[in-house]
Peer 1: 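I am attaching a structure below and will ask some questions about it afterwards.
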There are 2 protein chains.
Amino acid sequence: MNSNPATTNPPNGAGATDVAPAPSPTFSPLYQQIKAFITQGLESGEWKPGEIIPSEVELAARYKVSQGTVRKAIDELAADNLLVRRQGKGTFVATHNEDRVQFRFLRLLPDDGDVHPHVSRLLECRRLRAPAEIARQLDLKPADPVVLIRRLLQFDGETTVFDEIWLPGAVFRGLTAERLADYKGPLYAMFETEFGTRMIRASEKIRAVAAEAGVAELLKVAEGFPLLSVERVSYTYGDRPVEVRRGWYVTTGYYYQNDLS
Amino acid sequence: MNSNPATTNPPNGAGATDVAPAPSPTFSPLYQQIKAFITQGLESGEWKPGEIIPSEVELAARYKVSQGTVRKAIDELAADNLLVRRQGKGTFVATHNEDRVQFRFLRLLPDDGDVHPHVSRLLECRRLRAPAEIARQLDLKPADPVVLIRRLLQFDGETTVFDEIWLPGAVFRGLTAERLADYKGPLYAMFETEFGTRMIRASEKIRAVAAEAGVAELLKVAEGFPLLSVERVSYTYGDRPVEVRRGWYVTTGYYYQNDLS
DNA sequence: TAGTGGTCTAGACCACCAT
DNA sequence: TGGTGGTCTAGACCACTAC
């Protein structure tokens, strides 16, 4: 279990009367290793989004550690939104489907708290060679194939968001306008179900910009109108970037919600 | 310890051969109660920001629970940034002073990753009666006294932020322009040190807006220039609102950084 | 009733820090 | 050397869900 450099202490630690492990310069707790094992299982597709993973006792037996150690590993994975615990039922792989946590990454809310379901209008979906900047952000070689999606989001009939979405072509093989148009629900749910790529976290750079002619026309605002520019990079397992998204938001009647702590 | 309705089970739970506690309809774990006790100690000023709190064993003895239970309580408080654990030393009350986590709530970063320390230029600090909207947000009665601070932030010489900060007058008695001007370091550090009010969390509404004449002049941009509008409400212990802040950010060369997960 | 996660305990040992 | 938080174990009981 424990594969510290310079230590080969077995299910070590407590209560046991073991050989004293050489104090390793780089100490890694057991539960971290368990965490890595479970993450591996998630990444390899051994347990797919929405599915249940083995119970704590079972995992404890498998990895030859105590239940408490498995528990701590799962606790952290649940805190990272990779797993979801449900008392009495089991522990499940988090998913962008079903959950009412569907639009976890869309932070745009209406001034009045009402919940307006939005609809997506696809403008185009085509393949091309990655521009240098996109390639850099997606960790691709320049001119590698990418997919570009352009779309509008309408809240309650009002056109509010214009998105340009860049995806690595190798991962999203077979993604076409038709399949996009047919799919109901969030993009990330589709990416997960259809392409086995799950978005774990994202990092955004937000600015206020003046609407340029093209964008202005799409969003039905005047040229120069202030828009919220949201540049997002999304990551999957192993912190590998798998999406670059540039969004322009009209923030009259809507705002970007953020909580600091 | 356990003050569940319909249950008066003593340091209950495990291993012990206690009377079976009546399954309460509203079950509250022991560690939650410990958490509440500790929070109380923080709020009452028993332990002040930067100070050390009693060790886990000591707290366990005081509350008549096991160390593990105290640990879980402290774990959650540390996750909420109310406490800071330091191995080998002890557990400390979080503070906006010292920490290199000083500007935890300022998310504006330069396009080049360099760290530019910023300077604050106070425009005014005066007392007045709360406008209806501010009163509502601060949970005050209309026309209650408030303090209004207006200031500019300069990054590397460039004027980048204009802030209007509203504080409840009752809490910030004796806050004057002189004291503000004299104080070095973040505002929240001063609020904590000088007024015993610690900001715990904040909620922001972000929009893109066109610069109005007054703001434009202060920020040295043209009227109509796109600015990031950041409306923040900050809360202290017990989720009581104690600051309303409206900021206008110039986002050329700078961006608002946000991480989603 | 059986299985799952959730709470609680008691005790051992480890890593880190101060003295 | 002694104290603090950090890890790990083993075992009990509780709450929730399903069968």
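Naming: A, B, ... by sequence-line order, numbering from 1 per chain. Bear in mind the structure is a predicted one, so any value in this text is a computation, not a measurement.
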Peer 1: Can you list the residues that meet the side chain to side chain donor-acceptor pair (under 3.5 Å) rule with B/R85, with sequence neighbours excluded?
Peer 2: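 By the side chain to side chain donor-acceptor pair (under 3.5 Å) rule, B/R85 matches B/E56, B/D75.
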Peer 1: Check the phosphate of D/dT9 against A/T69, side-chain N and O only, distance under 4.0 Å to OP1 or OP2. Yes or no?
Peer 2: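 Yes, such a contact exists.
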Peer 1: Expressed in angstrom and rounded to an integer, what is the separation of B/F92 atom CZ from C/dC17 atom P?
Peer 2: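 In whole Å, C/dC17 P and B/F92 CZ are 12 Å from each other.
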Peer 1: For B/R173, check salt bridge (Lys or Arg N to Asp or Glu O under 4.0 Å) against everything at least two apart and list the hits.
Peer 2: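 B/R173 satisfies salt bridge (Lys or Arg N to Asp or Glu O under 4.0 Å) with no other residue.
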Peer 1: Taking only residues two or more places apart in sequence, or in another chain, which ones meet A/E58 in a side-chain contact (heavy atoms from CB on, under 4.5 Å)?
Peer 2: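 A/E58: side-chain contact (heavy atoms from CB on, under 4.5 Å) contacts with A/P54, A/S55.
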Peer 1: At what angle, to 10 degrees, do the two end axes of the helix from C/dT1-D/dA18 to C/dA18-D/dT1 meet, given five pairs define each axis?
Peer 2: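 Here the local axes at opposite ends form an angle of 10°.
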Peer 1: According to side chain to side chain donor-acceptor pair (under 3.5 Å), who are the partners of B/R232, at least two apart in sequence or on a separate chain?
Peer 2: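 Here the qualifying residues are B/Y188, B/E204.
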Peer 1: Please identify each residue that fulfils salt bridge (Lys or Arg N to Asp or Glu O under 4.0 Å) with A/E192, with sequence neighbours left out.
Peer 2: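 Partners of A/E192 under the salt bridge (Lys or Arg N to Asp or Glu O under 4.0 Å) test: A/R198.
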Peer 1: Considering residues at least two apart in sequence or located in another chain, which fulfil the ring-ring contact (aromatic ring centres under 6.0 Å, His included) criterion with A/Y255?
Peer 2: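 Applying ring-ring contact (aromatic ring centres under 6.0 Å, His included) to A/Y255 gives none.
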Peer 1: Can you sort out which residues in residues 42-50 of chain A have a heavy atom within less than 4.0 Å of DNA chain D? Ascending by number, please.
Peer 2: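 Within residues 42-50 of chain A, no residue comes under 4.0 Å of DNA chain D.
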Peer 1: Taking salt bridge (Lys or Arg N to Asp or Glu O under 4.0 Å) as the test, write out the residues that go with A/D139, two or more places apart.
Peer 2: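 Scan of A/D139 (salt bridge (Lys or Arg N to Asp or Glu O under 4.0 Å), adjacent residues dropped) gives none.
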Peer 1: Below 6.0 angstrom between ring centroids: does that apply to B/F37 and B/Y63?
Peer 2: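 Between B/Y63 and B/F37, which both carry aromatic rings, the centre distance is below 6.0 Å.
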Peer 1: Pick out the pairs of N or O atoms, protein on one side and nucleotides 4-6 of chain C on the other, that lie under 3.5 Å.
Peer 2:
| from | atom 1 | to | atom 2 | distance (Å) |
| --- | --- | --- | --- | --- |
| C/dT4 | O2 | A/G88 | N | 3.3 |
| C/dG5 | OP1 | A/T91 | OG1 | 3.3 |
| C/dG5 | OP2 | A/E56 | N | 3.0 |
| C/dG6 | OP2 | A/R71 | NH1 | 3.4 |
| C/dG6 | OP2 | A/R85 | NE | 2.8 |
| C/dG6 | OP2 | A/R85 | NH2 | 3.2 |
| C/dG6 | O4' | A/Q87 | NE2 | 3.2 |
| C/dG6 | N7 | A/R71 | NH2 | 3.1 |

Peer 1: Listed by chain and number, what are the side-chain contact (heavy atoms from CB on, under 4.5 Å) partners of A/T193, not counting sequence neighbours?
Peer 2: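 For A/T193, the residues satisfying side-chain contact (heavy atoms from CB on, under 4.5 Å) (neighbours in sequence not counted) are A/N97, A/Y183.
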Peer 1: Could you work out, with salt bridge (Lys or Arg N to Asp or Glu O under 4.0 Å) as the rule, every residue matching B/E43, not counting sequence neighbours?
Peer 2: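 B/R240.
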Peer 1: Just the rounded figure in Å: distance from C1' of C/dT9 to NZ of B/K64.
Peer 2: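 So the NZ-C1' distance, B/K64 to C/dT9, works out to 16 Å.
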